[in-house]
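Not measured: the values here are computed from a predicted model. When a ligand or atom number is given, it counts from 1 through the structure's own listing order.
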Amino acid sequence: MSRIALLPETVASQVAAGEVIERPTSVVKELVENSIDAGARKIEVMIRRGGISMIRVVDDGVGMDRDDALLCLERHATSKIRTGADLAAISTLGFRGEALPSIASVSRFCLTTREQSAIVGTRVEVSGGRIENVRDGGDAPGTQIEVRSLFFNLPARRKFLRAETTEASHCEHQVHLQAIGHPRIGFVFVQNDRVVRQLPATENLLDRIRDLCGAQLANELLEVPEETLGGIAIRGFIGKPGVSRSSRAQQLVFLNGRAVENSVINFALREGYHTALMKGQYPVTFLFIEMDPAAVDVNVHPAKREVRFRDHASVREAVVEITRRTLESSRASWTKTFAKPAPQPLGSALVPSAVSGVSPETLQNRLPQGGGKLISESAARDAQHGTRDECATLSFAALPLQPSSAPPRNDTTFHNNHSHATAIDQPSSRNDFRILGVLGKLYVLMENASGLVLVDQHAAHERILFEELRRRMETAGVPAQRLLMPLTIELPPRDADWISQNISTLQKMGIGIEPFGASGVFKIDALPQFLRHGSGGETEPLQLLRDIIDELRQTSVNTSKTRLGEDVIATTVCRHAVKANDYLREPELVRLIQDLLRCELPYCCPHGRPTMIQISYFELEKKFGRKV
Ligand code: ADP
Ligand code: MG
């Protein structure tokens, strides 16, 4: 049955026109999208020599009758929209009716297609846009499109192609993207006659992610349970706090089944992660957003990767909120892994001592050399992005956990009061982990049911302090201490503006600052009490202020103001506090861990670096050759 019609001239002219076919991966994209739109259950993509010599896409979708097989080669011939009104709510991947004629005009093209119920199908051969042969064909129902000698008639375009291996990797990436976006479809990717990927259809997105990206990445993900906010449904998987990449390569977002790149979503993800993401890093996401097709315009760019939202504020809110909730809820699952009761002695060189009793120093001396190396290697791998140099020179004290004038710990204003109570909150919970000692004055070694846990004291302390500061700001404010000599500072207009906008936050944070006389001049007469200040190289008010401005400068672009100023300032202030510390004793060590486990996001510091790393028995056994 024929389905395709030529778009009327008026509609055709509204379609975002442009060059769709730039390189082999564009062909792969268009053909695979057509197969998906055709309801395929299985799609096979085959390329040779980076797709330059051949691309073949075979599907088991609806197929076409002879009329359609010929009509689909005309410009603006499509079965997916009919009128201008349809353009306003597109629910298919394609709609422009341009891909096949464009591809056929720059290659030697062969379409073989057969409708599911037809006895015989059609084969059309086209060369450089000219139909050369039409005959019966099609062994199996579905469609096969073969594209050979891409750009054979456009030497200028061909010259712009990269090395075959580069083009091949772009093609593979495209298949990868479509396969993640459509796990219910089975995919096969064949390169130079070798099967590179074979992905069975699955109902389970995580299976597809595991098949494509490996079990290690799959284990680093948190499920985003499907939730609808303001008419926007979001589900999928995102990286646990502290999991990130230096590029957006693994930040995949699918909008109504289409892989998209959109700055609103990018910024919303960054905002949702907030302190769980290191500066300059990008989240890992496999996020599926479904919304009314009428609320989004995909007719912006010929390649359709860009989209525009009618109401971008609600998209942003939904993404921020759901990301934030997912990261916070992960705390519960984290507690399950980390806070399981530790079994009794390991039977290895790292025999644990009870939580109380032995001082960290003594334990440290007992650690075997090899153990230290093993751990630092593994830690370095797991925490690829930690700035360990900075940490290594720092030591730690419990001081800022409880400022001298602060009420005792059982006072509720100081106590963590969030609702996720865990086993660690109970007195008996000390047995949930065993502290083994401290490595290099920085890493607390602990044992839990799963194996070894390393805690970066410095990062842990920053996280605790950060959350503490935030809580205090919401309640009574942070106690301030007056400076003996108030200071004045003159700032350039933009910096002065940032400070003015955030002045109440600064004051709640215990920084006594106010405008002073001329515009751009401020007076500072107090600092948070827990920052040791005065002479002796401790926190210098002007430096603190400069750091805060720098942070604001970096984060303020394009992100909403909600809490952001507060968080930025708290992050900077607590970094200053941690630097002023000295050595950690055993009871403080225990307190540190308990306080950390009470945090909302215990597993990374406010800059997104990991606070703790689990090295499982399994990993240890593999390292020691007990398991292969
Ligand atoms: P669009 O996808 O924008 O409609 P294309 O040029 O990519 O434009 O395809 C034109 C038409 O050809 C489609 O609307 C569809 O009806 C038909 N078609 C293309 N590929 C397939 C396929 N693999 N299976 C069935 N029909 C197809
Ligand atoms: Mg198409």
- prompt: Do the charged groups of Arg494 and Asp497 touch, with an N to O distance under 4.0 Å?
  reply: no
- prompt: Where is the nearest protein heavy atom to atom 6 (O) of ligand 1: which residue, which atom, and how far?
  reply: Leu100 N, 2.9 Å
query: Any N/O of Gly94 closer than 3.5 Å to an N/O of ligand 1?
result: no
Short side-chain to backbone donor-acceptor contact, Asp59 and Gly142, under 3.5 Å: no
- prompt: Do Arg208 side-chain atoms and Ile185 backbone N/O form a donor-acceptor pair below 3.5 Å?
  reply: yes
- line: So the atoms of ligand 1 within less than 4.0 Å of a heavy atom of Ala38 turn out to be 22 (C), 24 (N), 25 (C)
query: Should the pair Arg463 and Tyr603 be classed as cation-pi, given the thresholds of under 6.0 Å to the six-membered ring centre and 45° from the axis?
result: no
query: Considering only heavy atoms, which of Gln144, Arg3, Glu74 lies nearest to atom 26 (N) of ligand 1?
result: Arg3
message: Please list the nearest protein heavy atom to atom 20 (N) of ligand 1 with its residue and the distance rounded to 0.1 Å.
response: Asn34 CB, 3.2 Å
- prompt: Taking it one step at a time, do Glu172 and Arg197 satisfy salt bridge (Lys or Arg N to Asp or Glu O under 4.0 Å)?
  reply: CA-CA 9 Å; Glu172 187 174 3; Arg197 294 272 179 202; 3.6 Å; yes
statement: At under 4.0 Å between heavy atoms, what of Ala99 touches ligand 1? The answer is both
query: For Ser79, is at least one N or O under 3.5 Å away from an N or O on ligand 1?
result: yes
Side-chain donor-acceptor contact under 3.5 Å, Ser314 with Asp311: yes
message: Less than 4.0 angstrom from a charged side-chain N to a carboxylate O is my criterion; do Glu167 and Arg162 meet it?
response: no
query: Which ligand 1 atoms does Pro101 reach within 4.0 Å, using its non-hydrogen atoms?
result: 6 (O)
- prompt: Does a salt bridge link Arg48 with Asp193, judged by any charged N lying under 4.0 Å from a carboxylate O?
  reply: yes
query: Does the shortest distance from the Mg ion (ligand 2) to an N/O/S atom of Thr78 fall below 2.8 Å?
result: no
task: Look at Glu227 together with Arg235 and state whether they make a salt bridge at an N to O cut-off of under 4.0 Å.
output: no
field: Protein contact of atom 23 (N) of ligand 1 - nearest heavy atom, named by residue and atom, plus distance
entry: Asp59 OD2, 2.8 Å
- prompt: Hey, does Glu30 come in under 3.5 Å of ligand 1, counting only N/O atoms on both sides?
  reply: no
- prompt: Which part of Glu33 is near ligand 1, with near meaning a heavy atom under 4.0 Å away: side chain, backbone, both or neither?
  reply: neither
message: Between Gln116 (side chain only) and Asp60 (backbone N and O only), is there a donor and an acceptor less than 3.5 Å apart?
response: yes
message: Taking 4.0 angstrom as the limit and counting only heavy atoms of Glu98, give me the atoms of ligand 1 inside it, by number and element.
response: 6 (O), 8 (O)
query: For ligand 1, which atoms have a heavy atom of Arg96 less than 4.0 angstrom away?
result: 3 (O)
query: Can you check whether Phe254 and Phe288 have ring centres sitting under 6.0 Å from each other?
result: yes
message: Using a 4.0 Å cut-off to any heavy atom of Phe95, which atoms of ligand 1 qualify?
response: 1 (P), 3 (O)
query: Can we say Glu146 and Arg56 salt-bridge, meaning some charged N sits less than 4.0 Å from an Asp/Glu carboxylate O?
result: yes
- line: re atom 27 (C) of ligand 1, the protein heavy-atom contact at minimum distance is Met64 CE, 3.5 Å
query: Could an N or O of ligand 1 be found under 3.5 Å from any N or O of Gly97, whether backbone or side chain?
result: yes
message: How far is atom 2 (O) of ligand 1 from the closest protein heavy atom, and which atom is that?
response: Lys80 NZ, 2.7 Å
message: Quick test of your reading of the model: are Arg308 and Glu306 salt-bridged, counting only N-O distances below 4.0 Å?
response: no
message: Distance under 4.0 Å to a non-hydrogen atom of Cys72: what atoms of ligand 1 satisfy this?
response: 11 (C), 12 (O)
message: Please classify the Val57 to ligand 1 contact at 4.0 Å (heavy-atom distances, strictly less than): side chain, backbone, both or neither.
response: neither
query: Is it true that the NZ or CZ of Arg158 lies under 6.0 Å from the centre of Phe152's six-membered ring and within 45 degrees of the ring axis?
result: no
message: Check this for me: does any side-chain nitrogen of one of Asp139 and Arg114 sit under 4.0 Å from a carboxylate oxygen of the other?
response: no
task: Pick one of side chain, backbone, both or neither for how Thr78 approaches ligand 1, counting any non-hydrogen atom pair under 4.0 Å.
output: both
Region of Ala40 engaging ligand 1 - heavy atom pairs below 4.0 Å: neither
- request: Provide, to 0.1 Å, the distance between atom 22 (C) of ligand 1 and the closest protein heavy atom, together with that atom's residue and name.
  value: Thr143 OG1, 3.7 Å
- prompt: With a 4.0 Å heavy-atom cut-off (strictly under), which part of Ile4 contacts ligand 1: side chain, backbone, both or neither?
  reply: side chain
- line: When distances are taken from atom 10 (C) of ligand 1, the protein heavy atom at minimum range is Ala77 O, 3.4 Å
